[in-house]
Amino acid sequence: MANTTDLPKHDVIIVGAGPAALSAAIYTTREDIETLLFERGVPGGLAAITDWVDNYPGFVDGVAGLELATALQKQAERFGAVIELGEVFSITDEGDWKRLDTTSGDMLAKVVLIATGSDYKKTGAPGEQEYFAHGVHYCATCDGAFYRDKRLVVIGGGNSAVQEAIFLTRFATHIDLLVRSTIKASDVLQTDLQKFIDEEKITVHLNTTIDEIVGEDGSVVKVAATKDGEPTDFPTDGVFVFVGLSPNSQFVKDLVELDEIGLIIADENLMTKVPGIFAAGDIRSHATMQIASATGEGATAALKIREYLEGRKHPAQN
Amino acid sequence: MVKNITIFTTNTCAYCVMVKRFLDTKNHTYDVVNLDEQPERQAEALALSGALTVPVTVVTKDDDTREVIVGYNLSKLAPAIA
């Protein structure tokens, strides 16, 4: 292990570059706090691959997720934030410095903000992994175009499932929306959904659980499910899965405190149990999983980080 | 050496944007096949990648060998264009 004095040092390292992370970076860099972000996927996170964001304040008619993500990124970069496309594998608390093991090697930070968000969860049904990208998908905006004039199944009943099912109607002839219990999407989305139900573009199947994604000759041909307790087959050319979120917190599970679903527990200052390590956005326990909340939390985290850094300054530095 | 690069994309694909940005930072030029505008080329993308997804990046070398990178996968894309 390299000597601490030899390692690159940063004021703030933000793990993730989603809305919370980018918002925090806008605030820290505007105050001349040097900030490096690590992103293993796409800057903007899940927001970037969301078709349309209708409830982010300031956009009268809504905004494309990719457009919002790009704007957040450019704004942060305008103030000097640096986004490194790479991964943080682990964080070690060394007191005043936090050591991060990354794809670019070990480095140190005075403060770490964990804003890694979540990824879409898998159903775990047989066939799901086998047919991934060959009929099973988690990104409608990426892969929907392959299903022009085809029949689709969408699994899930939350905001993402309903919104992405509606998005997929621009390609598919018909969509069966399989919902484990009842639709949990917002009233606005449910109103939108009703239009597509009335046009017979989407059929909703409540109380339906997935048993298997079945294929033939390398292609998905049906979803075997149980609807109202009865085995039911849904013939399809493809399956899009939106059954909730899985927190990206495994890399710090032995460092910070997690709740029962793996979200990071932080105090009212958004600081974890480790001084100098903060959490914000969808990765934080009790987060509302909204982009507007995430950007707000990012701003709050940045201000709390500034207070923390001022507090830890040696008097001679003032 | 890289002879040419082709990216299969769609209008709404964020990972496609990332591939293009990465190639831009490395000063590589590339051709774009937008499957929303050219749906007739979907079969070509599928044949190259074996997957129903974008981005699909095809890197052709000077000796006409090809490397196909599926998705936004820097661990494969970076060495392919090096």
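Reminder, nothing fancy here: chain letters follow the sequence lines and each chain counts from 1.
- Contact annotation for A/Leu66: only side-chain heavy atoms (C-beta onward) come within less than 4.5 Å of a heavy atom of chain B.
- Residue contact with chain A, scored on non-hydrogen atoms closer than 4.5 Å, involves the side chain of B/Tyr72 exclusively.
- A distance of 12.0 Å separates CD1 in A/Ile166 from NZ in A/Lys201, rounded to the nearest 0.5 Å.
- A/Ala48 touches chain B through backbone and side chain together, each having a heavy atom under 4.5 Å away.
- Looking only at distances, no side-chain donor or acceptor of A/Thr295 sits under 3.5 Å from a matching main-chain atom of A/Pro19.
- Residues of residues 24-44 of chain B that come closer than 4.5 Å to chain A, counting heavy atoms only, are B/Leu35, B/Asp36, B/Pro39, B/Gln42, ordered by residue number.
- Taking OG1 from A/Thr50 and CH2 from A/Trp52, the interatomic distance works out to 12.5 Å, rounded to the nearest 0.5 Å.
- Residue pairs meeting the salt bridge (Lys or Arg N to Asp or Glu O under 4.0 Å) criterion with at least one member in residues 67-82 of chain B, sequence neighbours excluded, are B/Lys61-B/Glu67.
- Between A/Asp237 and A/Arg148, no side-chain nitrogen of the basic residue sits less than 4.0 Å from a carboxylate oxygen of the acidic one, so the salt-bridge criterion is not met.
- When the candidates B/Pro55, B/Ala14, B/Ala45, B/Gly71 are compared by the number of heavy-atom contacts under 4.5 Å with chain A, B/Ala14 comes out ahead.
- For the residue pair A/Asp217/A/Ser219, the side-chain donor-acceptor check at 3.5 Å is not satisfied.
- Note that CG of A/Asn55 is 7.0 Å distant from CD1 of A/Ile291, once rounded to the nearest 0.5 Å.
- Heavy-atom distances place the side chain of B/Val17, and not its backbone, under 4.5 Å from chain A.
- For B/Thr53, the parts lying under 4.5 angstrom from a heavy atom of chain A are both the backbone and the side chain.
- The contact list for residues 128-135 of chain A toward chain B, using heavy atoms and a distance under 4.5 Å, reads A/Ala133, A/His134, A/Gly135 by residue number.
- For chain B, no part of A/Thr103 is nearby; none of its heavy atoms comes within less than 4.5 Å.
- A/Phe251 has its ring centre no less than 6.0 Å from the ring centre of A/Phe89.
- Using a 4.5 Å cut-off between heavy atoms, A/Gln73 touches chain B through its side chain atoms alone.
- Put simply, the side chain of A/Thr35 never gets that close to the backbone of A/Ala25: no donor and acceptor are under 3.5 Å apart.
- Annotation: ring-ring contact (aromatic ring centres under 6.0 Å, His included) contacts of A/Phe240 (sequence neighbours excluded): A/His137, A/Tyr147.
- A/Asp119 has a carboxylate O that lies under 4.0 Å from a charged side-chain N of A/Arg40, or vice versa, which qualifies the two as a salt bridge.
- Counted by atom type alone, A/Thr70 and B/Arg21 present one or more donor-acceptor pairs between their side chains at under 3.5 Å.
- Highest contact tally toward chain A, considering only B/Cys16, B/Ser49, B/Cys13, is held by B/Cys13 [criterion: heavy-atom pairs under 4.5 Å].
- In terms of non-hydrogen atom pairs under 4.5 Å with chain B, the most contact-rich of A/Gly41, A/Ala64, A/Cys139 is A/Gly41.
- B/Asp62 and B/Lys3 are not joined by a salt bridge, as no carboxylate oxygen comes within less than 4.0 angstrom of a charged side-chain nitrogen.
- Distance check: A/Leu37 CG to A/Leu22 CG gives 6.0 Å after rounding to the nearest 0.5 Å.
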